[in-house]
Amino acid sequence: MDALVVYESMFGNTEEIAKAIAEGISTRLRTEVAEAGRAPGAVGAEVGLLVVGGPTHAFAMSRASTRRSAAQQATRPLVSAGNGVREWLATLRTSSAGLRSAAFDTRVAKPRLPGSAARGIARRLRRLSVRVLVPAQSFYVLGTEGPLVEGELERARKWGESLAASFPVTTA
């Protein structure tokens with residue numbers, strides 16, 4: 001059984017969280033990480049766990065307009081310059097009835113604003129008939145471009161380990 005972690009990241013914070021989650025999952029499952037613009041359009045039967053995450057923009061998943069706004073604010077090149085998680089999920093095909101999933105996002109720590117990209121991602125996964133294992137998870141950044149709040153990478157690793165714990169151990 002394999003796991004796939006798909007992320008969208010403007011400034012690199014969500015990418016770091018995705019890689020930390022994957023590191024935690026890889027303690028039990030073969031794990032791949034893919035940026036949404038390069039992620040496969042179909043998830044095959046070999047994938048048992050799909051973890052999807054992105055930044056929270058305007059209280060939800062990013063859209064083309066919010067990505068343009070992020071690009072205008074950026075002081076360095078964007079990680080995800082093309083389509084994001086929203087567009088990827090809109091065209092995703094799955095072939096496994098046993099596919100399980102989890103959703104995460106990154107958000108500004110203060111001020112704590114309403115809305116969550118992760119909750120929207122989880123809703124879309126359920127619409128695709130993918131079973132969501134756990135409630136959506138948020139990880140926090142200090143300001144629009146980051147950095148991550150201290151301890152968030154370790155928390156993401158542990159969350160990845162907990163996701164993988166419900167699957168039998170596989171060997172690479």
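Sorted by first and then second residue, the salt bridge (charged side-chain N to carboxylate O under 4.0 Å, His left out) pairs involving residues 140-153 (not counting sequence neighbours) are R76-E145, E152-R155. Counting only residues at least two apart or on different chains, the salt bridge (charged side-chain N to carboxylate O under 4.0 Å, His left out) pairs with a member in residues 15-26 are E15-K19, E23-R157. Counting only residues at least two apart or on different chains, the salt bridge (charged side-chain N to carboxylate O under 4.0 Å, His left out) pairs with a member in residues 31-57 are E35-R38. Listed by first and then second residue, the salt bridge (charged side-chain N to carboxylate O under 4.0 Å, His left out) pairs involving residues 82-91 are R67-E87 (not counting sequence neighbours).
The CD atom of Q137 sits 6.0 Å away from atom CH2 of W159, with the distance rounded to the nearest 0.5 Å. If you take CG on L163 and CZ on F104, they are separated by 10.5 Å, rounding to the nearest 0.5 Å.
Taking both residues in full, the closest heavy atoms of S9 and T14 are given as OG-N, 3.4 Å, listed atom of the first, atom of the second, then distance. W88 and P40 get closest at one heavy-atom pair: NE1-O, 2.8 Å. Heavy-atom minimum distance, A102 versus V134: CB-CG2, 4.1 Å. Closest approach of G53 to V85, counting heavy atoms only: O-CG2, 3.4 Å.
In terms of hydrophobic clustering, with Ile, Leu, Val, Met, Phe, Trp and Tyr side chains grouped at heavy-atom distances under 4.5 Å, V5 and V132 are assigned to different clusters.
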Show every donor-acceptor pair shorter than 3.5 Å between a side-chain atom in residues 114-131 and any protein atom, with sequence neighbours excluded, or say none if there are none.
from : atom 1 : to   : atom 2 : distance (Å)
S116 : OG     : D105 : OD2    : 2.6
S116 : OG     : A118 : N      : 3.2
S116 : OG     : R119 : N      : 3.2

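Side-chain N/O atoms of S62 and E8 include a donor and acceptor closer than 3.5 Å.
Looking at L4 and L49, their side chains never come closer than 4.5 Å, going by heavy atoms from C-beta outward.
V149 shares a hydrophobic cluster with Y140, L142; the chain of contacts runs through ILVMFWY side chains whose heavy atoms sit under 4.5 Å apart.
T31 places a side-chain N or O within 3.5 Å of a backbone atom of L29 that can act as its donor or acceptor partner.
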